[in-house]
Every structure is written in structure tokens, then in C-alpha cells.
Colleague: 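Mind having a look at this structure? Questions to follow.
Chain naming here is simple, since letters A, B, ... match the order of the sequence lines and numbering starts at 1 in each. This structure is a prediction, so every number in the text was calculated from the model and none was measured.
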Protein chains: 2
Amino acid sequence: MRDTYGLGAAAADTAFSADCPSRPILDQIADKWSMMVLAVLERPARFNEIKRRLGGVTQRVLTQSLRRLERNGMIERRVLPTSPVGVEYSLTPLGESLREPFGHLYSWTVRHSEEILRHQQAFDERPG
Amino acid sequence: MRDTYGLGAAAADTAFSADCPSRPILDQIADKWSMMVLAVLERPARFNEIKRRLGGVTQRVLTQSLRRLERNGMIERRVLPTSPVGVEYSLTPLGESLREPFGHLYSWTVRHSEEILRHQQAFDERPG
DNA sequence: CGGTATCCTGGGCGATACTG
DNA sequence: CAGTATCGCCCAGGATACCG
């Protein structure tokens, strides 16, 4: 693959091949919940606040997402010395920097949602 | 949620809530294989060429990815009048426009892969 | 409040075989 | 060449219950 996503010839030959190191990273990064959690964490938030803001995410799945984001160095988990216990999640600089490309993707999605829906309907209605 | 990913107040209140129309779209868009296929389709390519360039993708999964991309209006499927049959896939303008945000995300991933790996190791080695 | 623990089920995915 | 068809595993994720 030459010039994958305009990165120049250097990254070219290995990009997206099965053993490219960026591929497993992409698996970790490019999922729906990661994007949404980082969106919410524009400012620090606590577990149930995140859960409420997202809506439709189960406790289990949200916990898993947060753990993975933490493991990947995107967010920080801080136990608050309150009673009962509180836990605050916040972005690390790394996570903050990811919000930019995510923002591009998200705004693209918003801009083209209706067009995509039209394509889907046309596809589903066509014979065959 | 205010000012989700810097889109301004208009998109704010509905962004990422359970019934936000952009959410199912995001499901369709933000997956690994979509990103990789669109990368390969920088120029038109045939089925087995895509498969070879990606590496590690099964026929079945690639077919499904291509179908979904086609259904979403990202790519076009053209049967070539050759013998035996050939099928060429190419980007639509919509798909082409998606390559830009994907490119941002991909280059971010490449730039930060090593840092992420370090975070993962630190996380895995820490007690508890 | 912010989680684990446990059970359960759909479907994602690989492997393999077959076809126009 | 570019797919469908079929089987079977596995596990992401929902539901529910319990806990420090």
C-alpha cells in the first residue's frame, strides 16, 4: 500500500499489513464507546455521571471501556476521599490529544448522517 | 452534554444520548475494517487485491465489510465484463470525504502507538 | 457510589466446502 | 475470480444479584 492516508512513503509498505503494530492499537481505539466516553470527559466526571450522559450503556460495558481507556493511558482514575466513595475520571494529555481526530470523525458523522441513511434505504429497497 | 467535540451548542444536548441519530451511524463507521478498506481504496481495487493488501482478513469478513460500506454509500461495486468475472470496488465521493477524518485518526494512531504500548505495559505490571 | 460476580444468549468470526 | 452456504466456537454484552 502506497501512501496510506497520506502519511508518505515511509509508512507505506507496512501500513495495515497483518503485522503492522498500529493495527492492534486501532482495535483498541476505534470503537464507539471510546469515542463517546472521551466526548463526555471533555471535563472530569464521575462514573454514574458518565453513565447517565451516555445513556444505554450498561454498568459492565462502561466499566470495561473505562478500564481499557485507562490501560491505554487515555484517562486517569482518581478515588475521591468522600463517603461513600466517589471515583472521578479525567483525560490525560494523551487522551486529550485524541479528542481532536475523534472530533473530526464525529462531526463528519453528524454532517453526513442523513445522506448515509438515504443510501441505506436505497440499498435495502433495491431488487436482489 | 455541552459542546460535544466542539460542534457548538446546537448539537450539544442530543449528542451521544441513546436516541441520537448519529450513534447507530457511528457504529457502522467507526470500525477497524472500514478504516482499512477505505485506506486501500485510495484507488479502485478488486476483491482479491484488497484481501491481499489487508492481510489477515477472511473472505467472509471482507465481503461483509464491503457490503456494509456499499450499503452506506461509501463505495461502489462494479462487475467487470471479463472472463472470469471481475469485481472492482471504488470510492464514492462520500467515501472519499470520509478518508480525511480517518486519515487524521490513523496518523494519530501511528504517532502514538509506542506511547500507548508503554502505558499498557505499565498498567499490566502494576500491582493489584 | 462504584463497582465485582455470575449466568446466559446472539451473533461475530474462522474454517471449510461449494458455485456461477 | 468472487463470492455464497454451512457449521461451530467463542465471547462481547445484557440482565441480575451482591458488596465494600
Side-chain angles (χ1 to χ4, degrees), chain A residues 16 18-19 23-24 26-37 40-41 43-72 75-90 123-124 126-128, chain B residues 16-19 23-24 26-37 40-41 43-72 75-90 123 126-128:
Chain A
F16 289 151
D19 54 350
R23 213 201 251 188
L26 225 45
D27 278 338
Q28 299 274 319
I29 299 305
D31 82 294
K32 180 183 61 167
W33 292 119
S34 289
M35 269 193 66
M36 305 211 289
V37 169
V40 168
L41 287 183
R43 35 169 203 235
R46 295 178 43 175
F47 186 87
N48 278 334
E49 184 184 352
I50 301 172
K51 186 169 184 300
R52 236 177 303 113
R53 299 263 287 275
L54 290 181
V57 63
T58 61
Q59 227 172 23
R60 182 183 154 84
V61 169
L62 180 55
T63 301
Q64 287 170 348
S65 292
L66 290 169
R67 284 290 177 281
R68 193 176 56 205
L69 286 167
E70 190 191 0
R71 185 173 107 98
N72 290 333
I75 66 177
E76 210 166 329
R77 179 179 182 274
R78 212 181 114 228
V79 178
L80 304 174
T82 57
S83 171
V85 236
V87 178
E88 187 183 77
Y89 292 92
S90 57
F123 186 94
D124 294 344
R126 90 187 187 190
Chain B
F16 289 151
S17 66
D19 54 350
R23 211 200 253 192
L26 224 46
D27 277 337
Q28 298 274 317
I29 299 306
D31 81 293
K32 179 183 64 167
W33 292 119
S34 289
M35 269 193 66
M36 305 212 286
V37 169
V40 167
L41 287 183
R43 36 171 201 234
R46 295 178 42 176
F47 186 87
N48 278 335
E49 186 184 351
I50 301 171
K51 186 169 184 301
R52 234 178 305 112
R53 299 265 285 277
L54 290 181
V57 63
T58 63
Q59 229 172 23
R60 181 182 155 85
V61 169
L62 180 55
T63 301
Q64 287 169 346
S65 291
L66 290 169
R67 284 288 177 282
R68 193 176 56 205
L69 286 168
E70 190 192 359
R71 186 173 106 99
N72 290 332
I75 65 176
E76 210 167 329
R77 180 178 181 274
R78 211 180 116 231
V79 179
L80 304 174
T82 57
S83 172
V85 236
V87 178
E88 187 184 76
Y89 292 92
S90 56
F123 186 95
R126 91 189 187 189

Colleague: Rounded to whole angstroms, how far apart are CD1 on A:Ile50 and C1' on C:dC1?
Modeller: 13 Å

Colleague: Only pairs at least two apart or in different chains count here, so list each salt bridge (Lys or Arg N to Asp or Glu O under 4.0 Å) that has a residue in residues 76-85 of chain B.
Modeller: B:Arg78-B:Glu88

Colleague: State, yes or no, whether a side-chain contact exists between A:Val87 and A:Leu80 at a heavy-atom distance under 4.5 Å.
Modeller: no

Colleague: Strictly under 4.0 angstrom, non-hydrogen atoms only: write out the protein contact profile of nucleotides 1-8 of chain D, one letter per nucleotide from the 5' end, B, S or -.
Modeller: SSBB-B--

Colleague: Is there a side chain to side chain contact (heavy atoms under 4.5 Å, CB included) between A:Leu62 and A:Val37? Walk through the geometry before answering.
Modeller: CA-CA 9 Å; A:Leu62 180 55; A:Val37 169; 4.0 Å; yes

Colleague: On a heavy-atom basis, which atom in A:Lys51 and which in A:Thr58 lie closest, and how many Å separate them?
Modeller: CE-C, 4.3 Å

Colleague: For A:Gln28 and D:dA12, what is the distance between atoms CD and P respectively, to the nearest whole Å?
Modeller: 11 Å

Colleague: Let me know the distance between CG of B:Asp31 and C1' of C:dC13, rounded to the nearest Å.
Modeller: 13 Å

Colleague: For the atom pair CG (B:Leu41) and CE (B:Met36), what is the distance rounded to the nearest 0.5 Å?
Modeller: 12.5 Å

Colleague: How long is the straight-line distance from CG of A:Leu69 back to CD of A:Gln64, given to the nearest 0.5 Å?
Modeller: 12.0 Å

Colleague: Write down the distance between CD (A:Gln64) and P (D:dG13), rounded to a whole number of angstrom.
Modeller: 7 Å

Colleague: Could you tell me the separation between the CH2 atom of A:Trp33 and the P atom of D:dG14, rounded to a whole number of Å?
Modeller: 7 Å

Colleague: Can you confirm whether A:Tyr89 sits close enough to A:Arg46 that some side-chain heavy atom of one is under 4.5 Å from a side-chain heavy atom of the other?
Modeller: no

Colleague: Could you tell me the separation between the NZ atom of B:Lys32 and the P atom of C:dG12, rounded to a whole number of Å?
Modeller: 15 Å

Colleague: Is the phosphate of D:dG13 approached by A:Thr58 (side-chain N or O, under 4.0 Å from OP1 or OP2)?
Modeller: no

Colleague: To the nearest Å, give me how far apart NZ (A:Lys51) and P (C:dT4) are.
Modeller: 15 Å

Colleague: Salt-bridge test for B:Asp31 and B:Arg68: reply yes if a basic N is under 4.0 Å from a carboxylate O, no otherwise.
Modeller: yes

Colleague: Determine to 10° how strongly the helix from C:dC1-D:dG20 to C:dG20-D:dC1 is bent, judged from the axes of its five-pair ends.
Modeller: 60°

Colleague: Out of curiosity, B:Met35 CE to A:Arg23 CZ, how far, rounded to the nearest 0.5 Å?
Modeller: 11.5 Å

